[in-house]
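Please read the structure below before turning to the comments.
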Amino acid sequence: MAQSMKETERKYAAPAADDISWLNELAGVGPVVSLADRGIHELDAVYYDTEDLRLTSGGASLRRRTGGTDEGWHLKLPLSGDSREEVRLPLSEDVPDELGELTLSRTRGAPLRPVVRIRSTRSVRDLLDAEGVAVAELSLDSVRADSRLVPGLHAMWTEMEVELTEDGDPKLLKRVEKVLRKNGIERASSPSKVARALQETTPAPDGEAGAGIEPGSAGAHVQAYVERLVRALSDLDPAVRRDRPDAVHKMRTTIRRLRSCLRSFRSVLDREVTDPVRAELKWLAGELAPERDHEVLRDRLTAGVKELPGEVVLGPVSARLQAWDAAEQAEARRRTLAALASPRYLELLESLTRLLEDPPLRAKASGRPGKVLAKAIGKEHGRLRRRMDRALALPTGSERDAAVHHARKAAKRVRYATEAARPALGKPAKRLGKRVKTVQQISGDHHDGVVACDLLRHLAIAAHAAGEPGFTWGVLYGEEKATGEARVRQLPEAWERARKPHLA
C-alpha cells in the first residue's frame, strides 16, 4: 500500500562553504528557536523516465532511492506553489505497477527506464520550535549526477533546500528566505535535482510546444488556455485513480472546459483536427459521469433526509439510501477506472499532446484577440440567448425542464469562453463570465432537482414493493419540486443581467 505525503520546500543555490554564520540568524524566525545538527547522510537515487523525458517535462519525477531515512520508490507529483505530493512504496527491483499507473497520464504508455543517477552527500539541520519539535529541515547537498542516457556525461554542484514538516506553516518559508537573501543566498534556477541533472547531461529536445504562434495574438491566448487545461487533466489523473475527494468532479469539469474551448474558438483552431478530439473528450466525460452524478445525488438526498424532522422519516429510509449508494457507487467506480486503463484513453492523451505540439491554427489565429475572441464569445452568447428565451417562455413541465438544461449547457460554453479570453479582454469578460455563472448555477440546481425527483420516484416504488412506507420519499419529492420551481423563478432576473455581453 502506497504512502502519500505533502512536501513543501524551496531550493537555493549553495552558500559559501566557509561561511555559515547566518545559520544562527534562523533562530528567532517565526516559531524557530534553535537548530539541531542531524549529521551527514549518503543518498543514492536512480531516476526513471521515458526516453523523451515525458515525466520531467510534466513536472513529475520517479526515483528509486537508497540511503537516508526514507529508502524506497518515490513518485513526486506537482501541487500548487512550493508543494508537491510524494507517493512512496518500499524498495523493489522494478518500477511498482501502482506507481506506473499513476504516471500514465504523462508517459502515455511509453516505457520507463533509468535516465540519470544522482548521488548526494547531505548535511541536515532541523529547525526546532520552543517544544523541541522540528518545524522545518535545512539541508546542504553536494550532488553528482551521471547520465544513463548519454554514458560518460555527468554534472556536479551543491545546493540547499528548506523543507517544511508536513503540518508546517508555508509562511515560515517566506520568513526563512528573507534571512537567506539578506545573506546573499538566492533561489536555485532549477525546480528539482533531476531537472537540473537532465538539463546538464542530456541534449535539449528539438523545438517547443506551440512554436510559431505569434505572441499576444488570438491564437496565443487560446493555445495558452488549451495548454493549461491539458496539463490540469494530466495532473488530475493520479488523483482520480486514487479516489481523492472531488477529483472526478474536477477532471470532468476540466474536460468540459476543454471541449467548450475547442468548439467556441473554431475560428482560431481548425475543427477538422479538433472535432475528433472533442468527440473523444465527450466519451471520457461520459465514462466519468456516473461516478460524479452519483456523488451529487447521494450527497443531496442524504442531506435532505438529515434535515427532515424525525417524525417525518418513516421506515428504513437511510438503509435504502445506503444500499442504493453501495450498489451504484461500485459500478460507477469500476467504469471510471476501466476508462483510464483503456487504450482509447491513452490515444486521447496522445491527441492532446499533438494539439499542443502542432496546434492547427487558422488564419484568424494571428488576428487581434480583442476582435477575434470577442466575436467568438458573441456567437456563443447568441446561442445562449435563443435557448434561454425559449426555455423561459415554456409552461411548467418536462419540456421546460429539458429546455432549461439545454440553456444551461450554452451558459457553460459562454462562461468558459470568457475564461480563455479574460487575459485579452479584461474586466468585461470577467464580468460577463460572473453573470453567466449565476445563470448556470441556478439552472444547474434546477436540473439536479429534476434528476433527484426521478431517483426518488424509483426509490419510492422499490420501497412500496418491499412493503415499506412511501411517505418520506413523497415528502422529499415534494421538497425537490418546490425548490426547483423556486430556482426557475430566479432565472429571469439573473438572465436579464447576463442578457447582453457588453464586451466592447
Side-chain angles (χ1 to χ4, degrees), residues 7-23 25-26 35 37-49 51-71 73-78 81-84 86 113-127 136-164 173 176-205:
E7 175 186 84
T8 303
E9 66 179 19
R10 292 185 179 181
K11 292 185 178 293
Y12 299 87
D18 58 350
D19 181 13
I20 58 172
S21 59
W22 51 267
L23 278 173
E25 298 181 35
L26 296 178
L35 280 71
D37 192 333
R38 284 178 41 204
I40 306 295
H41 302 271
E42 298 293 338
L43 309 176
D44 191 344
V46 175
Y47 285 79
Y48 286 69
D49 206 335
E51 189 169 0
D52 54 356
L53 307 180
R54 297 178 181 183
L55 272 185
T56 304
S57 64
S61 66
L62 174 64
R63 71 187 179 200
R64 182 186 186 275
R65 187 161 84 178
T66 57
T69 59
D70 59 351
E71 287 189 335
W73 285 94
H74 304 159
L75 172 63
K76 295 192 178 186
L77 301 167
D82 298 308
S83 298
R84 293 180 293 180
E86 184 170 291
R113 54 167 292 185
V115 293
V116 68
R117 180 185 182 188
I118 298 179
R119 286 170 286 181
S120 304
T121 299
R122 170 169 291 182
S123 172
V124 181
R125 290 175 175 82
D126 281 339
L127 278 60
E137 175 186 285
L138 183 148
S139 60
L140 183 64
D141 294 345
S142 297
V143 184
R144 177 186 172 100
D146 294 278
S147 175
R148 293 292 185 88
L149 295 175
V150 186
L153 288 184
H154 72 275
M156 300 178 68
W157 70 91
T158 56
E159 67 178 36
M160 188 174 72
E161 65 182 46
V162 180
E163 179 179 348
L164 296 178
L173 288 181
V176 169
E177 183 162 305
K178 287 183 179 180
V179 174
L180 299 181
R181 294 189 68 178
K182 186 178 72 173
N183 285 276
I185 302 171
E186 300 294 335
R187 295 279 286 270
S189 57
S190 294
S192 65
K193 285 185 177 66
V194 65
R196 177 167 180 173
L198 292 171
Q199 182 181 23
E200 296 191 13
T201 65
T202 306

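Keep in mind that the numbers below use all heavy atoms, side chains included, and drop hydrogens, waters and symmetry copies.
- Taking each heavy atom of Ala14 and Glu159 in turn, the nearest pair found is CB-N, 3.8 Å.
- Separating the CD1 atom in Ile40 from the CZ atom in Arg38 is a distance of 11.5 Å, to the nearest 0.5 Å.
- A salt bridge is defined here as a Lys NZ or Arg NE, NH1 or NH2 lying under 4.0 Å from an Asp or Glu carboxylate O, and Arg119 with Glu42 fails to meet this definition.
- Residues passing the ring-ring contact (aromatic ring centres under 6.0 Å, His included) test with Trp73, sequence neighbours excluded: Tyr48.
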task = Take Arg148 and Val116 through the test side-chain contact (heavy atoms from CB on, under 4.5 Å) and record every step on the way to the result.
result = CA-CA 5 Å; Arg148 293 292 185 88; Val116 68; 5.6 Å; no
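- Using a cutoff of 4.0 Å between basic side-chain nitrogens and carboxylate oxygens, Glu161 and Arg10 are not scored as salt-bridged.
- Atoms CG and OG, on Leu43 and Ser139 in that order, are 9.0 Å from each other to the nearest 0.5 Å.
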key: Step-by-step side-chain contact (heavy atoms from CB on, under 4.5 Å) determination, Lys76 to Val194   = CA-CA 11 Å; Lys76 295 192 178 186; Val194 65; over 6 Å; no
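- Under the 3.5 Å distance criterion, the side-chain polar atoms of Ser120 are left unmatched by any main-chain donor or acceptor of Arg122.
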ask   = Where do Tyr47 and Thr56 land on the side-chain contact (heavy atoms from CB on, under 4.5 Å) test, with the steps shown first?
value = CA-CA 10 Å; Tyr47 285 79; Thr56 304; over 6 Å; no
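- Once rounded to the nearest 0.5 Å, the distance linking CD of Glu200 with OG of Ser147 reads 12.0 Å.
- The heavy-atom pair separating Leu149 from Pro114 by the smallest distance is CD2-O, 4.4 Å.
- The CG atom of Asp44 sits 4.5 Å away from atom OG1 of Thr66, with the distance rounded to the nearest 0.5 Å.
- For the pair Thr201 and Val150, the minimum side-chain heavy-atom distance is 4.5 Å or more.
- Proximity of a side-chain donor or acceptor of Asp49 to a complementary backbone N or O of Leu62 within less than 3.5 Å is not detected.
- Salt-bridge annotation for Arg84 and Glu86: absent, with no side-chain N of the basic residue lying under 4.0 Å from a carboxylate O of the acidic one.
- One finds a salt bridge joining Lys182 and Glu25 here, because a Lys/Arg side-chain nitrogen approaches an Asp/Glu carboxylate oxygen to under 4.0 Å.
- Scanning all heavy atoms of the two residues, the minimum distance from Leu138 to Met160 falls at CD2-SD, 4.0 Å.
- Looking only at atom types and distance, the side chain of Ser83 has no donor-acceptor partner in the side chain of Glu7 under 3.5 Å away.
- When every heavy atom of Asn183 is checked against every heavy atom of Val179, the shortest pair comes out as ND2-O, 2.8 Å.
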task = Dump the intermediate steps for side-chain contact (heavy atoms from CB on, under 4.5 Å) on Glu186 and Arg181, then the final yes or no.
result = CA-CA 6 Å; Glu186 300 294 335; Arg181 294 189 68 178; 3.6 Å; yes
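- The shortest heavy-atom contact between Arg125 and Leu23 is NE-CD1, 3.5 Å.
- Here the closest non-hydrogen pair linking Pro78 and Gly59 is CD-O, 3.5 Å.
- Rounded to the nearest 0.5 Å, atoms CG (Leu35) and CD (Glu137) are 11.5 Å apart.
- The CD atom of Glu163 lies 9.5 Å from the CG atom of Leu173; values are rounded to the nearest 0.5 Å.
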